Number of protein chains: 2
Amino acid sequence: MSLKGRLSINLATTRGSWGFKDAVEGCLRHGITAIAPWRDQIAEIGLAEAARIVKENDLQVTGLCRGGMFPAVDKAGLQANIDDNKRAIDEAVALNADCLVLVVGGLPGSSKDIVEARKMVTDGIAAILPYARENNMPLAIEPLHPMYAADRACVNTLGQALDICVELGSGIGVAIDVYHVWWDPQLEEQIARAGQMDAILAHHICDWLVPTQDLLLDRGMMGDGVIDLPAIRRMIEQAGFHGPQEVEIFSRDNWWKKSGDEVLRTCVERFESVC
Amino acid sequence: MSLKGRLSINLATTRGSWGFKDAVEGCLRHGITAIAPWRDQIAEIGLAEAARIVKENDLQVTGLCRGGMFPAVDKAGLQANIDDNKRAIDEAVALNADCLVLVVGGLPGSSKDIVEARKMVTDGIAAILPYARENNMPLAIEPLHPMYAADRACVNTLGQALDICVELGSGIGVAIDVYHVWWDPQLEEQIARAGQMDAILAHHICDWLVPTQDLLLDRGMMGDGVIDLPAIRRMIEQAGFHGPQEVEIFSRDNWWKKSGDEVLRTCVERFESVC
């Protein structure tokens with residue numbers, strides 16, 4: 001069965017060996033026709049060339065990583081972040097991405113005020129949303145695991161992300177990454193709610209290892225951890241999202257040390273046997 | 001101003017240098033008259049001797065750590081865990097503790113079924129609750145940070161813990177540890193709810209470091225991290241809990257390497273200046 005429309009590779013997964021061009025060629029060798037690149041990978045090869053490669057190979061871009069990082073210590077910083085997010089929207093449009101993924105940011109500077117940081121996030125998204133709508137680029141808030149609340153994203157549950165979507169209206173939804181949400185007692189009801197809102201824009205997969213050695217860079221390959229991937233997939237499909245599952249693995253000491261081909265071969269095998 | 005009734009030391013905090021007896025003597029040297037010991041520390045000195053020391057020094061025991069760890073792979077395991085929790089209740093009674101803290105346990109064996117693990121937890125607490133009530137020993141469910149959902153506790157939010165309290169009735173409440181709950185978007189409303197239920201049994205403090213180097217053993221001293229401790233304290237006091245704040249710091253590479261006296265001196269200083 002073709003992987004087309006079923007499996008996407010977030011190019012963080014092969015970051016240990018490959019930049020954008022090598023990663024695309026690698027994906028194509030393994031029958032994978034959907035990718036999600038990072039902005040630094042796009043910058044390295046150049047936006048026009050990346051867009052040409054996407055178009056020439058008829059690739060689906062399941063998301064551009066990433067916009068967000070809204071909170072700042074002053075108004076100039078907030079504005080700079082908004083401007084950068086508009087550039088990210090431009091890039092996502094050039095790549096014909098399904099969405100721009102937003103990792104919203106954490107506490108700015110030495111702040112301990114997470115309520116204020118969350119307000120900055122909502123205000124920041126509100127500031128870029130008209131531009132996203134004009135350009136028909138859906139914004140996907142990715143709630144991050146609570147262990148990233150301080151330094152990466154102060155939106156930490158699917159329910160919280162959906163509340164922001166409700167507040168801000170059309171043109172915005174969520175990216176559901178199993179790594180961030182698998183533990184949530186409200187997961188099933190919030191995925192169903194997201195479906196009713198037609199707000200599911202992406203479905204990211206990997207696994208939670210026990211023990212986890214590093215808060216950021218020790219994600220597991222599907223099947224090597226404790227996440228019930230088929231159960232979450234069923235919830236997401238029942239909620240009406242049938243886009244590709246996107247493999248996103250940060251793994252400094254394991255998968256990033258292996259060859260890109262070995263990583264992709266394993267992704268495909270595990271996708272078919274586990275997910 | 002006396003620390004009596006205001007500050008308690010969880011004896012994990014001085015685990016790097018001291019067992020039970022030395023820790024009590026250290027606390028008394030620093031004007032601290034409330035403690036929360038661990039069962040292994042009690043076992044080491046013997047329950048009768050520990051109880052004698054508590055009584056002789058008129059110590060407040062703000063909690064015994066810990067019961068819980070209910071999930072198991074089979075019925076025999078579940079029953080063994082229930083039996084062990086009853087022994088923990090006996091020990092808490094002997095020490096005249098304010099509550100027995102429950103760290104409820106994670107996924108048993110190779111299970112990926114967190115819904116089932118959560119059911120085992122509720123069933124396990126239900127099984128020991130009559131015995132706890134007979135002995136007038138309040139059970140305090142401690143919701144643990146979601147990063148411990150797999151291996152330590154599948155109760156991961158205050159709201160989820162309170163739902164269990166509602167389901168099971170009297171004799172049970174919650175231990176609120178800022179480390180586990182500070183990130184929760186529902187924190188303020190759930191603390192207020194806990195107050196309305198008269199369910200707050202303990203208030204643990206420490207800090208969340210950025211970056212955090214280890215998921216378990218890199219907690220920070222109050223003031224060294226990003227948690228707005230006064231804000232959470234206000235929520236808890238407004239909810240009607242005015243018991244001591246209990247310092248619980250697991251810190252393998254920092255505080256556990258310092259002398260117990262330096263740790264306690266710092267706890268007192270930071271408690272007065274930060275909390």
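Below, chains carry the letters A, B, ... as their sequence lines are ordered, and counting in each starts from 1. The shown structure was predicted, so the numbers you read here are calculated from the model rather than taken from an experiment.
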Task: Residues that B:Asp224 engages under side chain to side chain donor-acceptor pair (under 3.5 Å), provided they are two or more places apart - done: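 Expected list: B:Arg270.
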Check each atom of [X] against the heavy atoms of chain B and say whether the ones under 4.5 Å are side chain, backbone, both or neither.
{"X": "A:Ile114", "answer": "side chain"}
{"X": "A:Gln186", "answer": "side chain"}
{"X": "A:Asp163", "answer": "neither"}
{"X": "A:Val226", "answer": "both"}
{"X": "A:Thr157", "answer": "side chain"}

Within 6.0 Å of [atom1] in [X], more than 12 heavy atoms from elsewhere:
{"X": "A:Asp40", "atom1": "CG", "value": "yes"}
{"X": "B:Glu237", "atom1": "CD", "value": "yes"}
{"X": "B:Asp198", "atom1": "CG", "value": "no"}

Closest non-hydrogen atom pair between [X] and [Y], with its separation:
{"X": "A:Gln160", "Y": "B:Pro185", "value": "OE1-CG, 3.2 Å"}
{"X": "A:Trp182", "Y": "B:Ala149", "value": "CH2-CB, 3.8 Å"}
{"X": "A:Leu215", "Y": "B:Thr212", "value": "CD1-O, 3.5 Å"}

Task: pair A:Tyr148-B:Met147: side-chain heavy atoms closer than 4.5 Å - done: no
Task: Contact origin within B:Ile227 toward chain A - heavy atom pairs under 4.5 Å - done: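 Interface part for B:Ile227: backbone (N, CA, C, O).
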Task: Partner chain A: residue of B:Ser110, B:Gly225, B:Pro211 with the largest heavy-atom pair count (under 4.5 Å) - done: B:Gly225
Task: Interatomic spacing from CH2 in B:Trp208 to CG in A:Asp151 - rounded to 0.5 Å - done: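 With rounding to 0.5 Å, CH2 (B:Trp208) is 8.5 Å from CG (A:Asp151).
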Task: Inter-residue atom distance B:Ile232.CD1 - A:Lys112.NZ, 0.5 Å rounding - done: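 One gets 11.0 Å once the value is rounded to the nearest 0.5 Å.
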- [ ] Could you check which of A:Leu187, A:Asn156, A:Val115, A:Asp228 has the highest count of heavy-atom pairs closer than 4.5 Å to chain B?
- [x] A:Asp228
